[in-house]
Number of protein chains: 2
Amino acid sequence: MPGSKTDLRVIRTKEAIRDALIELIDEKGFEAITVKDITTRAKINRGTFYAHYQDKFDLMTKCEEEIMLEMSRIVKQNFPSVIDSLEMDSPTVPPFPLTVSLFEYLNKNSDIMKAVLGPKGDLSFQTRLKEFMWETLYGNNPNSMVKEENFLVPAQYLASYMGTAKIGVIQQWLNSGRKESPQEMARILTTITVNGPLFAAGLKK
Amino acid sequence: MPGSKTDLRVIRTKEAIRDALIELIDEKGFEAITVKDITTRAKINRGTFYAHYQDKFDLMTKCEEEIMLEMSRIVKQNFPSVIDSLEMDSPTVPPFPLTVSLFEYLNKNSDIMKAVLGPKGDLSFQTRLKEFMWETLYGNNPNSMVKEENFLVPAQYLASYMGTAKIGVIQQWLNSGRKESPQEMARILTTITVNGPLFAAGLKK
DNA sequence: CAATAAATACACACCGTGTTGTTTATTATG
DNA sequence: CATAATAAACAACACGGTGTGTATTTATTG
């Protein structure tokens, strides 16, 4: 497995592979892609691909790893104690720094984010992202926001509800062309969460 | 393409194929399955499979079609005007007949529902289901519950939020062993939606 | 029991996979 | 600067699943 992170050949190859992957996900969907597709598009030999990655899943996993790391970094940057976060982004007072930062990241990397989170994307990544949010909300840590006390429903379902809901909004935003700014999206997401969907829809309680 | 819907051979074959599919999705995930896997497991000739379905995607699509039809039927049965529904299941008063009916259906067919909605399931189906909910909530029909007026956020995002949130709760229930009854799940889901996630979590508004 | 239709057995070309051995490019050193 | 050492990129190969076609056997219906 080639490793030299400064070798120009390696850098070129990996970049070409990654770009080809993103393009192809957009075109045919992740599961329809073959390694041959990728290497043809990237204009490299198929063998070269296998020198770097085990298969297309390995490639995908490694791309996603980068994303997850970067998102964790953003969360930590805004909330060094890691985890009060997400829901706790000063519920009522703009500018919701964490949520804005996350949407800005999504915006900057919208090509790949749209690819993996889109309807032809990678289910396993969506599952991982969901688990990341679930853990953040409900996981075994002293700061988790959803505690098993004073709740009207089992906390695990609350965590699922909130986690998937947020992902759903992100997906809708990405797939409908990102017409709103990250700031606006942060406001939207926070408003729904804090007020509750029905009230946010303008219905009386 | 064999057609006689009363021919016992056809019925047996289709059932065997369907059962094999569900088992295999659970074991290896949909995309890892080969037609050969299915026919071996179903103990039929591979040629027979192609007599009934074009490929594994065709098979999957047809299974999913049944599910969608049945769910639409349940919705219509509870709300003949089709669509006030889903959210509108008498928000505060049990027993939430529509939601209970849906969970009972999911419960009865938990094998296949877990397979398609699970982490190794079929993303395209999850997308379709999401669209179904989205349309139900927001689509172009006079009864859609989310109207573009009096809202605090764009309606499309509200619809995405609620749609995916509900699916998320269903997935969590299926994947954690369905320990709660359909009635209990209906209460949980309605409570979160009506009260809003934060309040349902026991936080002050 | 005859007619019919489904299921099987077998064979074929095709394509993507993953691996192996060879060639070519980069880098480090005398 | 030249050249050996290293490692990346490439070409060729064997394997397994796919989809299709055809002849044959087995089961169902009238």
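These values consider heavy atoms only, across backbone and side chains, with no hydrogens, waters or symmetry-generated copies. In this text the structure is predicted, and so the values were computed from the model without any measurement.
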Has [X] got a side-chain N or O lying under 4.0 Å from the OP1 or OP2 atom of [N]?
{"X": "B/Tyr50", "N": "D/dT20", "answer": "no"}
{"X": "B/Asn45", "N": "C/dA7", "answer": "no"}
{"X": "A/His52", "N": "D/dA9", "answer": "yes"}
{"X": "A/Thr48", "N": "D/dC10", "answer": "yes"}

If the condition is side chain to side chain donor-acceptor pair (under 3.5 Å), which residues does A/Asp19 pass it with, not counting sequence neighbours?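 For A/Asp19 there are no side chain to side chain donor-acceptor pair (under 3.5 Å) partners, ignoring immediate neighbours.
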Heavy-atom count around B/Lys36 NZ within 6.0 Å, excluding the residue itself: above 12?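 Counting neighbours around NZ of B/Lys36, 12 or fewer heavy atoms of other residues, nucleotides or ligands fall under 6.0 Å, so no.
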Round to the nearest Å and state the distance from [X] atom [atom1] to [N] atom [atom2].
{"X": "B/Asp7", "N": "C/dA5", "atom1": "CG", "atom2": "P", "value": "10 Å"}
{"X": "A/Ile44", "N": "D/dA11", "atom1": "CD1", "atom2": "C1'", "value": "14 Å"}
{"X": "A/Glu15", "N": "D/dA9", "atom1": "CD", "atom2": "P", "value": "13 Å"}
{"X": "B/Ile38", "N": "D/dG19", "atom1": "CD1", "atom2": "P", "value": "10 Å"}
{"X": "B/Phe49", "N": "D/dT18", "atom1": "CZ", "atom2": "P", "value": "9 Å"}
{"X": "B/Glu31", "N": "D/dG17", "atom1": "CD", "atom2": "P", "value": "17 Å"}
{"X": "B/Leu24", "N": "D/dG17", "atom1": "CG", "atom2": "P", "value": "13 Å"}
{"X": "B/Ile11", "N": "C/dA5", "atom1": "CD1", "atom2": "P", "value": "17 Å"}

At 4.0 Å (heavy atoms only), tell me whether B/Thr34 reaches a base, stays on the sugar-phosphate, or touches nothing.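 Counting heavy atoms under 4.0 Å across all strands, the contact made by B/Thr34 is with sugar-phosphate only.
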Starting at OG1 of A/Thr164, measure out to CH2 of A/Trp134 and round the result to the nearest 0.5 Å.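 Separation between the atoms: 12.5 Å.
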Quick one: pull up CG in B/Leu123 and NZ in A/Lys120 and give me the separation to the nearest 0.5 Å.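 Result: 11.5 Å between the selected atoms.
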B/Arg46 (side chain) and D/dG19 (base): donor-acceptor pair under 3.5 Å: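 Under the 3.5 Å cut-off, the side chain and the base do form a donor-acceptor pair.
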May I ask you to establish whether B/Lys62 and B/Tyr53 are in a cation-pi arrangement, using a distance under 6.0 Å from NZ or CZ to the six-membered ring centre and at most 45° from the ring axis?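 No, B/Lys62 does not sit over the ring of B/Tyr53.
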On DNA chain D, check which nucleotide each of B/Leu8 and B/Ile33 is closest to and give me the residue with the more 5' one.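 Going by which nucleotide is closer to the 5' end, it is B/Ile33.
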Could you say whether A/Arg12 or B/Asp37 is positioned toward the 5' end of DNA chain D, judged by the nucleotide with the nearest heavy atom to each?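 Counting from the 5' end, the first nearest nucleotide belongs to A/Arg12.
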Among the nucleotides C/dA7, C/dT8, D/dG19, which one has an atom lying closest to any side-chain atom of B/Val10?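 Closest nucleotide to the B/Val10 side chain: C/dA7.
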Out of C/dT8, D/dT26, C/dG16, which nucleotide sits closest to the side chain of B/Arg9?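 Nucleotide nearest to B/Arg9's side chain: D/dT26.
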